[in-house]
Number of protein chains: 2
Amino acid sequence: MKQILIIDDDEKLGRLLVQYLERYDMKAHVALTPSKGFEMIKKIKPDLLILDVMLPEKDGFEICREIRAKSSIFGQLPILMLTAHAEVTDRIVGLELGADDYLPKPFEPRELVARIHNILRRSSDDNTVREIKPVNGLDVDVSRREVKLDGSVLDLTTMEYELLILFMQFPNKTFTRDELMNRLRGIDAELFSRAVDTLVSRLRHKLKDTSKTPRFIKTVWGRGYTFVGEQL
Amino acid sequence: MKQILIIDDDEKLGRLLVQYLERYDMKAHVALTPSKGFEMIKKIKPDLLILDVMLPEKDGFEICREIRAKSSIFGQLPILMLTAHAEVTDRIVGLELGADDYLPKPFEPRELVARIHNILRRSSDDNTVREIKPVNGLDVDVSRREVKLDGSVLDLTTMEYELLILFMQFPNKTFTRDELMNRLRGIDAELFSRAVDTLVSRLRHKLKDTSKTPRFIKTVWGRGYTFVGEQL
DNA sequence: ATACGATGAAGCAAATCCTGATCATTGACG
DNA sequence: CGTCAATGATCAGGATTTGCTTCATCGTAT
């Protein structure tokens, strides 16, 4: 289970988040002050840090800077910043200091969860994704993020790549559209949207997979899509 | 079967939902008042709570808060809030108080069902995927929606697949046409229609089960159909 | 600021499926 | 064997789903 550390002096919000994140299979801890926060980082070794910019002692930017400076100790601990100001400058500053994402208050808990998933996925991608077997002329090198079709390298966008990776990890599994959306976007993307169709369409195009008898991505009418693995 | 509790004073809407959800294999109950609602929660132990924000006695937010406060009693009962205001503030408040999702009225029944599925999928580890035993060369992997006949994958439409699943869950049970229609389409199924026959015909065809001595789907003359399980 | 690529939303035409009617065939039963 | 009801098969029309184009938006690089 993922460990999340929240550094925020708003006790009530902290409790809400702990409770909320619990439902998404994440164990959250709250530190009310930065100093407590540093202690707890060492103790519980969280997978993600949620940081309020408005804090006693020192502000979130300062903490962010410190942690990044001591990166050898804390590793590449992903950081998500919360701030009351919806100002762009905050964001820029925060991101420059090494935060991985930024969320203005007030926010929707679900949005928070979505972003958490995004960050965690990003930061653990290369380690988590298992080996992907070449299939039918399509070869993916995850560590180099390189996709080869019949020998020549394809140029895929982030989304296209993520979709392909997901498909190839589970060949012959039929994904519904909302399953795909959830996997790609985090919890609860828009439910009724054709975004997936469009994405699939684009990917198919780059895979030169536009014939009626798909080489890779098969449409399962009324259900979703299937990446065709071995020939049976 | 998933139990859903709806707390809403709109009797008509309640009835419609009960009827609608039935088709999706969910048993819905309606409580017209919050106090009734609390009673019923204890009694039927629903898997999901649908909550209107506009209620007599106390509003949905209040109820949500109470339930979350008594979380030890109610566990992590997922909550879906309905509200007439499409305002973001409502949404934020609702979600912070522990609702899992939010749906503005008026909504499409199908969208509701989709969200329910999303929430249930999230909150329960076990997707209530019913195991289906391979029978006579026919093997169904429900989680991947994959059907294999003698080793090769079959391409079934939604209806065909649903029908097959239904049959295989109850091998050797004789279904009447009405029963099948009800399970597949819902209660509003036309009583006299050959739709089922046609469907069975198509499925038989794909199962290569067209001989006089059926390998899978047996016709029970004057009754309906039976999916043949083990050879006895 | 401007330009550009990536992405999502809207929407329409095309593909695909479901349904119910019709008719040929089958099975029950005297 | 003949009659009649039940069933299987086919097909067109309507309904649904999908593919893809176009356009708006967002973030990023110049």
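Not measured: the values here are computed from a predicted model. Naming convention: chains lettered A, B, ... in sequence-line order (proteins, then strands); numbering from 1 in each chain.
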Quiz item: With respect to the phosphate group of D:dG19, does any side-chain polar atom (N or O) of A:Tyr225 fall under 4.0 Å of OP1 or OP2?
Solution: yes

Quiz prompt | B:Phe227 side chain reached by B:Leu138 side chain, heavy atoms, under 4.5 Å | solution = yes

Quiz item: B:Lys206 NZ to C:dT16 P: how many Å, rounded?
Solution: 12 Å

Quiz item: What's the closest nucleotide to the B:Met159 side chain, out of D:dT7, C:dC18, D:dT18?
Solution: C:dC18

Quiz item: Are OP1 or OP2 of C:dG5 and a side-chain N or O of A:Thr157 less than 4.0 angstrom apart?
Solution: no

Exercise. Kindly say if B:Ser201 contacts the phosphate of D:dA9, meaning a side-chain N or O under 4.0 Å from OP1 or OP2.
Key: yes

Practice problem: Check every strand shown and say whether B:Val220 touches a base, only sugar-phosphate, or nothing at a heavy-atom separation below 4.0 Å. | Solution: sugar-phosphate

Quiz item: Using a cut-off of 4.0 Å on non-hydrogen atoms, how would the nucleic acid contact of B:Thr198 be classed: base, sugar-phosphate, or nothing?
Solution: base

Exercise. Using atom types as modelled and distance alone, determine if a side-chain donor or acceptor of A:Arg202 lies under 3.5 Å from a backbone N or O of A:Glu160.
Key: no

Exercise. Please state how far atom CG in B:Asp155 lies from atom P in C:dT16, giving the value in whole angstrom units.
Key: 11 Å

Practice problem: Could you tell me the separation between the CG atom of B:Leu199 and the C1' atom of D:dA9, rounded to a whole number of Å? | Solution: 14 Å

Quiz item: Can you find a side chain N or O atom of B:Arg204 that sits less than 4.0 Å from OP1 or OP2 on D:dA9?
Solution: no

Quiz item: Rounded to whole angstroms, how far apart are CG on A:Leu180 and P on C:dG8?
Solution: 12 Å

Exercise. Rounded to the nearest angstrom, tell me the gap between atom NZ in A:Lys218 and atom C1' in D:dT17.
Key: 17 Å

Quiz item: Within the pair A:Arg202 and D:dG19, is there a side-chain N or O less than 4.0 Å away from OP1 or OP2?
Solution: no

Quiz item: B:Leu156 CG to C:dC17 C1': how many Å, rounded?
Solution: 13 Å

Self-check item: OP1 or OP2 of D:dG19 under 4.0 Å from side-chain N/O of A:Arg194
Solution: no

Self-check item: Atom-pair distance (CZ on A:Arg223; P on C:dC17), nearest Å
Solution: 14 Å

Quiz item: Any chance NZ of A:Lys148 has more than 12 other-residue heavy atoms, nucleotides or ligands included, within less than 6.0 Å?
Solution: no

Exercise. Nearest-nucleotide wise, let me know which of B:Asp197 and B:His205 is further upstream toward the 5' end of DNA chain D.
Key: B:Asp197

Quiz item: Would you find a donor on one side and an acceptor on the other, under 3.5 Å apart, between the side chain of A:Asp209 and the backbone of A:Pro214?
Solution: no

Quiz item: Hey, does the side chain of A:Thr219 come within less than 4.0 Å of D:dG19's phosphate (OP1/OP2), counting only N and O?
Solution: yes

Quiz item: Would you say the side-chain atoms of A:Ser211 pair up with the backbone N or O of A:Thr213, donor to acceptor, closer than 3.5 Å?
Solution: yes

Exercise. Measure the distance from NZ on A:Lys212 to C1' on D:dC20 and round it to the nearest whole Å.
Key: 14 Å

